[in-house]
Amino acid sequence: MQTQDYIELEDRYNAHNYHPLDVVIEAAQGAWVTDVEGKKYLDFLSAYSAVNQGHNHPRIVQAMKDQLDRVALTSRAFRNNQLPLLAKELCELTGYEMMLPMNSGAEAVETAIKAARKWGYTVKGVPADQAEIIACRDNFHGRTITTVGMSTEPQYQAGFGPFTPGFKMVPYGDAKALAEAITPNTVGFIIEPIQGEAGVHIPPKGYLRKAFDLCRRNNVLFIADEIQSGLGRAGKLFAHHWENFNADMVIIGKALSGGLYPVSAVLSSREVLGVFKPGDHGSTFGGNPLACAVAREALKVLVEEKLIERSAELGEYFKGRLQRIESPYVKEVRGRGLFIGVELYPEAGGARRFCVALKERGLLCKETHEHTIRFAPPLVVKKEELDWAYGHIEAVLMNGNQ
Ligand SMILES: *Cc1c(COP(=O)(O)O)cnc(C)c1O
């Protein structure tokens, strides 16, 4: 079978809820993927930052295989010997008192919302069913009814209402709007420290810190959705660390498993995660020993291979090069670490054709919204590989679409 055969099968039997580039991948290692025709591509998306450690990292694959030979799933009806170790290691790495494991990112967001609400009722003293959570315009927190309900993207909502009540929206980067939106019933403020899906938007300097201080003063939980921006992607363990504070709750997923398995978690204090009593919340697969063994090794690789520092250094280098391109199409290059967005002028005719041209040259990137290309290679990418990619990016951005 060849590329076109797979595409036809998928289009016929699989729901069309994505618009993928027409490359059919059959293998991957590190920063590179290989398609069914044997053509190699440098991965500049990293599965939306799930493979920060690189595809099929040998150490994480080995940890997964070893655990598969023992036990994969116990359910939380019984205990297993991996969950306690992941909980300890993750809390020690991040400085939080407790964690709660789930599977997908959206599930962890839902978990954080449930925790914030219950904390509001049982600790803060908000009257029953009155809890409010403030979210930011242009956010992306997942695809469940609640998370699309708190979105401002019309396409995410169209046809899927009615939505979960209890959310207020404020513009991203506007501390005054946040101050005005907070009421005595506000329990949480949820934010991506860098908005990934919206186009790698970095808020104005000092905003996150200001928002955190506002939350502090009003006894509101600052909830950082670090599913995409965290675990080294933005050149820090968590992107909000760029403004030197620790969010009250942190939501992680994606790279928590190095891309080998869906693993997510919520991190917070004993006061917040302590609101969950047995039976309040759960997940059949959440905290399973296979997931925990994979996540433990994925975190060790992140630290021991100094991937966070690599992201900071290589990101600064690569962003600098991109910012010096004098292309008539480029409006702005922005980013932190190896989390970089290149926004094009509307006259460029959309980012997708540039992504298609880069694919032809062996570089896989994806447009995010219409006019921005996101560059987010695995953090194990080599400087020479970035230079190779740069040559193609420059050529495509200078010439339009060749
Ligand atoms: C990817 C993502 C999610 C959703 O994670 P899933 O695993 O796809 O459910 C939530 N928030 C942010 C910021 C993300 O990037």
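Order of listing sets the numbers, starting from 1, for every ligand and every atom in it. Quick caveat: nothing in here was measured; it's all calculated off a predicted structure. What you see below is based on every heavy atom in this structure, not just the backbone, and it leaves out hydrogens, waters and symmetry mates.
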> Is the closest basic N to carboxylate O distance between Lys88 and Glu92 below 4.0 Å?
yes
> Between ligand 1 and the protein, which N/O pairs are shorter than 3.5 Å?
| from | atom 1 | to | atom 2 | distance (Å) |
| --- | --- | --- | --- | --- |
| ligand 1 | 7 (O) | Gly105 | N | 2.8 |
| ligand 1 | 9 (O) | Gly105 | N | 3.3 |
| ligand 1 | 9 (O) | Ala106 | N | 2.8 |
| ligand 1 | 11 (N) | Phe140 | O | 3.3 |
| ligand 1 | 11 (N) | Asp225 | OD1 | 3.4 |
| ligand 1 | 11 (N) | Asp225 | OD2 | 2.7 |
| ligand 1 | 15 (O) | Gln228 | NE2 | 2.8 |
| ligand 1 | 15 (O) | Lys254 | NZ | 2.6 |

> Are any of the side-chain nitrogens in Asp213 or Arg209 under 4.0 Å away from the carboxylate oxygens of its partner?
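Answer for the salt bridge query: yes.
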> Between Asp387 and Arg321, is there a salt bridge with N-O shorter than 4.0 Å?
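Here Arg321 pairs with Asp387 in a salt bridge, since their nearest N and O are under 4.0 Å apart.
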> Tell me whether the count of non-hydrogen atoms from other residues, nucleotides or ligands lying under 6.0 Å of NZ in Lys39 goes above 12.
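Yes, the 6.0 Å shell around NZ holds more than 12 heavy atoms from other groups.
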> Can you tell whether the side chains of Arg353 and Glu367 come within less than 4.0 Å, N to carboxylate O?
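Between Glu367 and Arg353 there is no salt bridge, as every charged N stays at least 4.0 Å from the carboxylate O atoms.
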> Under 3.5 Å, which donor-acceptor pairs do the side chains of residues 45-73 form with other protein atoms, sequence neighbours left out?
| from | atom 1 | to | atom 2 | distance (Å) |
| --- | --- | --- | --- | --- |
| Ser46 | OG | Arg233 | NH2 | 3.4 |
| Ser46 | OG | Ala376 | O | 2.6 |
| Ser46 | OG | Pro377 | O | 3.4 |
| Ser49 | OG | Arg233 | NE | 3.0 |
| Asn52 | OD1 | Arg233 | NE | 3.3 |
| Asn52 | OD1 | Arg233 | NH2 | 2.8 |
| Asn52 | ND2 | Leu231 | O | 3.3 |
| Gln53 | NE2 | Ala255 | O | 2.9 |
| Gln53 | NE2 | Ala298 | O | 3.2 |
| His55 | NE2 | Asp43 | OD2 | 2.7 |
| His57 | ND1 | Arg59 | N | 3.1 |
| His57 | NE2 | Glu305 | OE1 | 3.4 |
| His57 | NE2 | Glu305 | OE2 | 2.8 |
| Arg59 | NE | Glu297 | OE2 | 2.9 |
| Arg59 | NH1 | Glu304 | OE1 | 3.0 |
| Arg59 | NH2 | Glu297 | OE2 | 3.1 |
| Arg59 | NH2 | Glu304 | OE1 | 3.0 |
| Gln62 | NE2 | Asp66 | OD1 | 3.0 |
| Gln67 | NE2 | Val71 | O | 2.8 |

